[in-house]
Amino acid sequence: MRAIWLIARSVLLEAVRRKEIYAIVLISCLIIAGIMSIDFFGLRGLTKFYCEVSLQVMSTAAALTTIALAARQLPREFEARTIYPLLAKPVSRMSFILGKLLGVMLAAAFCFALFMAIYIGGTIYMGGRISPLLILQYVYLQLLGLLILATLAFCLSLWLNFDAAMTIGAVLYFAASIIMTSISYLYDFVGSVGKLVLKASLYGLPQLRLVDLSEKVVHSDVWSPIPAWAIAALTCYAFVYSGLYLALAYISFRRKPL
Amino acid sequence: MPMVDIKERSPRILKGALFLTSVLYAFIPVLWGAIARENVTPMRVSDLAAQQKRNTSAIATILGEFRTNLSDMLFIKTERYLHGGVAYMPHIDTEQLASSGDVMHSKHELRRPATSDAETSVTELPNTDLPTTGPGDQGTPAGKEDELHREEEAATLIRTPENDFRGFLGTLERTVKPWRDPRLPHEHIGGVELLPWYRLATLVDPKNVRAYMIGAWWLKTIHDEHALREAVKFLEEGIRQNPQSFQLHLMLGYILRDLGEKQRALSAFEKAVTLVAKQRPPTGDVGPNWTIYNEEDAIAACSMAVLQRRELHEDDVRGLEDALHRLRELRAQFRNMPVLERLERSLSSQLEAARKTKS
């Protein structure tokens, strides 16, 4: 356990020291500030636009940061040969991967916490409505989504190079909404084989759309927080996929010749 | 030199592929010609009917917010914001929304109950004893917050439980995403929050007349002088970019009237009438270039140009005489506008009554 924590801490410290997270947060804030600097008729209280743009920019930036951080962890250890002294110590490969994953998730959470602080501050400044429980649920579900992306990026980075792993992770993230909508839409128009393929895709791919509560946060004047059973079910859902990807990553890592 | 290398080194299959590509490339003009002969839907933003058709297509539904331009994205945003985030299959008639502010289905054309305590719609005439401006126009409210009304069923993008093959994933999606049973009455929420999207749309595409119209309409619903002044500025910008759009002049007239600027409002209505005279088919027949909304707005422009004259005079008799004089000119100018005939009857009887009262 201590080994996992030490590895995680080093990943987090490195991510914070490299100042990439700050740069990403700063760039995202500049994008949001740029859009909000447009004069929207000098009216106050038009917060839904701010909420929507901010959440979209922030979740995209956090997802891409997580994918990049996760995808580079293992290949870089091999390239820099820093993995050899690490594994020479009494650290199992599972502990190594878990430590890396925990570190990536802590960095992702740190990045997201910065975003949320800015988001909440901005919403209050603009006179918008904050539903604390809905925001908490949104953050929690986003972290579950980031967990799936991080484990997927780990898994892909052991089979492919960094660029390919990063690209596939990003494509899956951006296409998440389209995948689920198109499966649902096309289902009625295909034959039995097509239906089978669509169902297999539905369950074979993680449906990241399910862990995105941003629409309810934007329209929080209409919607209340989601029930606890849904949070529990989504937690199980995310853990199943991340567990699967982590297991695949572990198997690949074990088989990888050092 | 590199060409020689390719020729020497490439395998035969690659040469074959190159040849095939070259042949296909040579045939592109022929293919283009064949496609062009088909009845292709124009893809311009300014073609409102084409845009409406494009945005209700299957591919547009699947792509959702990943759209080719902000104008198309606005279509989705309008649908979502007005329904509190619920993703229904695109069904709101944005042309009607631009024309009168009425939130309606594109196919069902349902009207609000006549009993609703209405804020005046932009195509409604100011006096209740005067005829309405077009077929079915009840001058109903649209921006009224949290208004519930029954509409014919429009399917949601997320499936209903009875129609869902996805099991627990479907249940989760309905819980996480904004979803309402489509059989329940739609909940229409005020569209003022859409204003930044319309502002952005006009910045990206200044020819988007509909965005100017709907944006100005939502500003008008705020009932605040600052918002009305902003609406005037917004419309003046729209007119600079689209000087031939008579609807923008008409909307400007309505807003100036709300601001109490009677003379400027009359000028705007008269400008709209001038443009209508240039654009309306001689008999006012509805066609691809002249929609029912154009006709309704044309009638509204003529009616307002008449009625605004009446408001300019403190003396009711003089006001009515002036309005009737202008109305007769317009009746001579525009054929097949029965509303003007009814308006003339109404004003004539009012004038008679006013004269009697005065004497």
Side-chain angles (χ1 to χ4, degrees), chain A residues 35-36 38-53 56 128 137-138 141 174-175 177-189 195 198-199 202-203 206-207 209-223 225-227 229-231 233-234 236-237, chain B residues 58-59 61-66 77 80-81 83-87 89 145-146 155-159 163-180 187 189-200 203 215-216 218-219 222 224 226-231 233-234:
Chain A
I35 294 170
M36 295 313 293
I38 299 168
D39 176 24
F40 295 122
F41 310 108
L43 297 173
R44 271 188 68 84
L46 301 180
T47 49
K48 282 191 182 177
F49 177 78
Y50 164 77
C51 292
E52 187 159 1
V53 170
Q56 195 62 54
Q137 288 184 339
Y138 167 77
L141 292 183
F174 285 116
S177 182
I178 297 176
I179 291 170
M180 198 164 188
T181 312
S182 22
I183 289 173
S184 174
Y185 196 89
L186 296 174
Y187 191 78
D188 294 334
F189 301 100
K195 281 186 170 49
L198 289 178
K199 266 193 177 175
L202 187 72
Y203 290 102
Q207 302 300 332
R209 183 175 152 80
L210 292 177
V211 289
D212 179 16
L213 202 59
S214 61
E215 284 153 289
K216 280 200 170 173
V217 174
V218 170
H219 299 281
S220 59
D221 52 336
V222 182
W223 302 99
I226 62 172
W229 68 260
I231 294 284
L234 287 166
C236 294
Y237 181 77
Chain B
I59 197 75
T61 307
I62 289 172
L63 285 177
E65 295 177 15
F66 286 84
K77 292 287 169 205
R80 301 269 166 96
Y81 272 53
H83 291 117
V86 179
M89 290 290 184
E145 296 275 330
D146 301 330
T156 46
L157 215 59
I158 299 172
R159 286 167 175 263
N163 185 28
D164 204 343
F165 64 93
R166 300 171 302 166
F168 77 99
L169 291 184
T171 311
L172 281 176
E173 195 184 17
R174 279 187 294 279
T175 312
V176 171
K177 297 288 173 188
W179 182 82
R180 275 172 68 85
E187 193 171 347
I189 291 170
V192 175
E193 290 277 0
L194 277 162
L195 280 168
W197 290 105
Y198 286 101
R199 171 77 275 198
L200 217 55
L203 288 175
W218 290 123
L219 279 166
I222 296 175
D224 165 58
H226 168 75
L228 288 173
R229 297 263 170 229
E230 287 294 326
K233 275 199 276 180
F234 190 46

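The figures that follow rest on heavy atoms only: side chains count, while hydrogens, waters and symmetry mates do not. Per chain, numbering begins at 1; letters A, B, ... match sequence-line order.
Contact annotation for A:Y237: only side-chain heavy atoms (C-beta onward) come within less than 4.5 Å of a heavy atom of chain B. Both the backbone and the side chain of A:T47 come within contact range of chain B, each with at least one heavy atom under 4.5 Å from a heavy atom of that chain. Contacts of A:I231 with chain B are absent, with no heavy-atom separation under 4.5 Å from either backbone or side chain.
Contact count versus chain A (heavy atoms, under 4.5 Å) is highest, among B:L172, B:L203, B:D224, for B:L172. Top candidate by heavy-atom pairs under 4.5 Å with chain B, chosen from A:Y203, A:F189, A:Y187, A:W229, is A:Y187. Here B:L169 is the residue among B:L169, B:L219, B:I222, B:I158 with the most heavy-atom pairs under 4.5 Å with chain A. Of all the listed residues (A:L210, A:V222, A:L198), the one sharing the greatest number of non-hydrogen pairs under 4.5 Å with chain B is A:L210. Heavy-atom pairs under 4.5 Å with chain A peak, among B:G85, B:P196, B:G170, B:G84, at B:P196.
Under the 4.5 Å side-chain criterion, counting only non-hydrogen atoms from C-beta, B:R229 is not in contact with B:F234. In this structure, the side chains of B:H226 and A:L43 come closer than 4.5 Å at one or more pairs of heavy atoms.
A:K216 NZ to A:Q137 CD: the interatomic distance, rounded to the nearest 0.5 Å, is 9.0 Å.
A:H219 has its ring centre less than 6.0 Å from the ring centre of B:Y81.
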Under the criterion ring pair (Phe, Tyr, Trp, His ring centres under 6.0 Å), I'd like the reasoning laid out for B:W218 against B:Y198: C-alpha separation, chi angles, the key distance, then a yes or no. CA-CA 10 Å; B:W218 290 123; B:Y198 286 101; 7.9 Å; no

When you look at A:D188 and B:R159, which way does the salt bridge (charged side-chain N to carboxylate O under 4.0 Å, His left out) test go after all the steps? CA-CA 11 Å; A:D188 294 334; B:R159 286 167 175 263; 2.9 Å; yes

